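Working notes for the structure below.
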2 protein chains.
Amino acid sequence: MVKPTDSELEILHVLWVNGPSTVRQIHEELSRNRDIGYTTALKLMQIMYDKGLLTRTEDARSHVYTAAVSEEDTQRSLVDRFVETTFRGSASKLVMQVLGHHKASREELDEIKNLLKQLDQTSPDKQ
Amino acid sequence: MVKPTDSELEILHVLWVNGPSTVRQIHEELSRNRDIGYTTALKLMQIMYDKGLLTRTEDARSHVYTAAVSEEDTQRSLVDRFVETTFRGSASKLVMQVLGHHKASREELDEIKNLLKQLDQTSPDKQ
DNA sequence: TTGCATTTACGAAAAGCTTCGTATATGTTT
DNA sequence: AAACATATACGAAGCTTTTCGTAAATGCAA
C-alpha cells in the first residue's frame with residue numbers, strides 16, 4: 001500500500017469529497033486553505049499519477065483525475081503506520097490518548113459508545 | 001512543540017523506556033531492530049540536542065543523553081497533527097477507524113469503556 | 001491564420017531527513 | 001610516553017517532499 005505524503009493527502013481528500021476533478025478545480029480548492037501555485041498542484045498530481053494514487057482521463061484539452069485509492073483503505077494504512085511509530089503498536093494507547101485529550105462532542109462520544117456496543121455484541125462480556 | 005521525525009521517535013522511545021543513555025547504549029538498542037551505523041545514531045542525537053529534544057551531560061569521556069520532552073506531550077502533539085492531516089480534524093473518526101479495524105483485546109476494550117464512563121461523569125448524558 | 005489563454009511536461013532548486021566517512025580529541029593500556 | 005581504543009565533531013552525499021519557472025502543446029477567438 002502506497003503511503004501518500006501530507007500534500008498528496010490534501011489532494012486525495014478533495015477528490016474523495018468532490019469526486020473526479022481537473023487540476024484547476026483541485027488548485028482552487030487547495031487555494032482556500034493556503035498559498036499554492038497552479039503548477040505545484042499539477043506537479044503533485046502528476047507524481048501521484050505516476051505512483052498510482054490517481055487515475056486520469058483526457059477530457060477535451062485537460063485531464064480529469066480520480067482517486068485510485070479509497071479513503072477507508074488509505075486511512076487504515078496510515079493509522080497502522082502511525083500506531084507503529086508513535087505508539088509502538090498499541091492501538092488502544094492511541095485511543096486512550098485521543099479520548100483523554102481531544103474533547104469529543106457529545107454526539108461523537110455517543111457514536112463511539114454505540115460502536116463499542118456493537119463490538120460487544122460480536123463478543124459480549126459479563127459487564 | 002517540536003515534531004520529532006520517525007528516527008528521532010525511535011531514540012526518544014528508548015530513552016523513555018531505559019532512561020538516560022549514552023550514544024553507545026542507544027546504538028545497541030536500535031541495532032536490535034535495524035542496521036544503523038554508530039555515527040548515524042550519534043549524528044541524530046546531536047541534531048536532537050540542537051533542536052532541544054534532548055539534554056546531555058558529560059560523564060567521564062562520553063555524553064549521557066536524556067529526553068527533554070515527555071512521552072505524553074509528544075504523543076499528544078503527534079496525534080493532533082495526525083488527526084489534522086489524516087482525518088481533517090475529526091478525532092472521533094480516528095477512534096472509529098481504530099476500534100473498527102484493530103482488534104483491541106478484551107482488556108483494552110474494557111479500559112476504553114472505563115475511560116468513557118469517566119468522561120460521562122464529567123458531563124453525563126441521559127443514556 | 002495569427003495570436004492569446006490554458007494546459008501539460010520537464011527540469012531543477014530548496015528544505016528536511018538519514019546516512020556515513022574522515023578527522024580530531026580523549027582516555028587507557030603497555 | 002607511545003600505541004590503541006573509543007567518543008565526539010564536522011561535512012557532505014543521497015533521498016524525499018515541496019515548490020515553481022520555463023517551454024511546449026493545444027484549443028479558442030479575433
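Basis for what follows: all heavy atoms, side chains included, without hydrogens, waters or symmetry-related copies. Bear in mind that the values here come from a model prediction, so they are computed numbers and not experimental data. We name chains A, B, ... by the order of the sequence lines, and we start the count at 1 in each one.
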Answer yes or no: does a side-chain N or O of [X] lie under 4.0 Å from OP1 or OP2 of [N]?
{"X": "Q46(B)", "N": "dC10(D)", "result": "no"}
{"X": "R34(B)", "N": "dT19(C)", "result": "yes"}
{"X": "R24(B)", "N": "dA7(D)", "result": "yes"}
{"X": "Y38(B)", "N": "dT8(D)", "result": "yes"}
{"X": "T39(A)", "N": "dG21(D)", "result": "no"}
{"X": "T22(A)", "N": "dT7(C)", "result": "no"}

[X] side-chain proximity, nearest of [options]:
{"X": "T5(A)", "options": "dA9(C), dT18(D), dG11(C)", "result": "dT18(D)"}
{"X": "S62(B)", "options": "dT8(D), dC10(C), dT8(C)", "result": "dT8(D)"}
{"X": "I47(A)", "options": "dT7(C), dT8(D), dT18(D)", "result": "dT18(D)"}
{"X": "L44(B)", "options": "dT18(C), dA7(D), dT8(D)", "result": "dT18(C)"}
{"X": "T40(A)", "options": "dT19(D), dT8(D), dT7(C)", "result": "dT19(D)"}

Please state how far atom [atom1] in [X] lies from atom [atom2] in [N], giving the value in whole angstrom units.
{"X": "R61(B)", "N": "dT26(C)", "atom1": "CZ", "atom2": "P", "result": "12 Å"}
{"X": "K43(A)", "N": "dT7(C)", "atom1": "NZ", "atom2": "P", "result": "18 Å"}
{"X": "I36(A)", "N": "dT19(D)", "atom1": "CD1", "atom2": "C1'", "result": "9 Å"}
{"X": "L9(B)", "N": "dT18(C)", "atom1": "CG", "atom2": "P", "result": "10 Å"}
{"X": "Q25(B)", "N": "dT8(D)", "atom1": "CD", "atom2": "P", "result": "11 Å"}
{"X": "I26(A)", "N": "dT6(C)", "atom1": "CD1", "atom2": "P", "result": "19 Å"}
{"X": "H63(A)", "N": "dG27(D)", "atom1": "NE2", "atom2": "P", "result": "11 Å"}
{"X": "D35(A)", "N": "dC20(D)", "atom1": "CG", "atom2": "C1'", "result": "13 Å"}

Can you tell me how the ring of F87(B) sits relative to the ring of F82(B), calling it parallel under 30°, perpendicular over 60° and tilted otherwise?
perpendicular
List the atom of S7(B), the atom of R34(B), and the distance in Å for their closest heavy-atom pair.
OG-NH2, 4.0 Å
Of all heavy-atom pairs between Y38(A) and H27(A), which one has the smallest distance, and what is that distance?
N-NE2, 3.5 Å
Verify the cluster assignment for I36(A) and L54(A): are they in a single hydrophobic cluster under the rule of side-chain heavy atoms below 4.5 Å apart?
yes
Please work out if K51(B) contacts a base, only the sugar-phosphate, or nothing of the nucleic acid, heavy-atom cut-off 4.0 Å.
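Result for K51(B) = sugar-phosphate.
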Looking at E8(B) and K51(B), is any side-chain nitrogen of the basic one under 4.0 Å from a carboxylate oxygen of the acidic one?
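Result for this pair is yes, salt bridge flagged.
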By nearest-nucleotide position on DNA chain D, the 5'-leaning member of R56(B) and E8(A) is R56(B)
Specify the residue among D6(A) and L42(B) whose closest nucleotide of DNA chain D lies further upstream toward the 5′ end.
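Final value for this comparison: L42(B).
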Does atom CZ (R32(B)) have a neighbourhood of more than 12 heavy atoms from anything else shown, all under 6.0 Å?
no
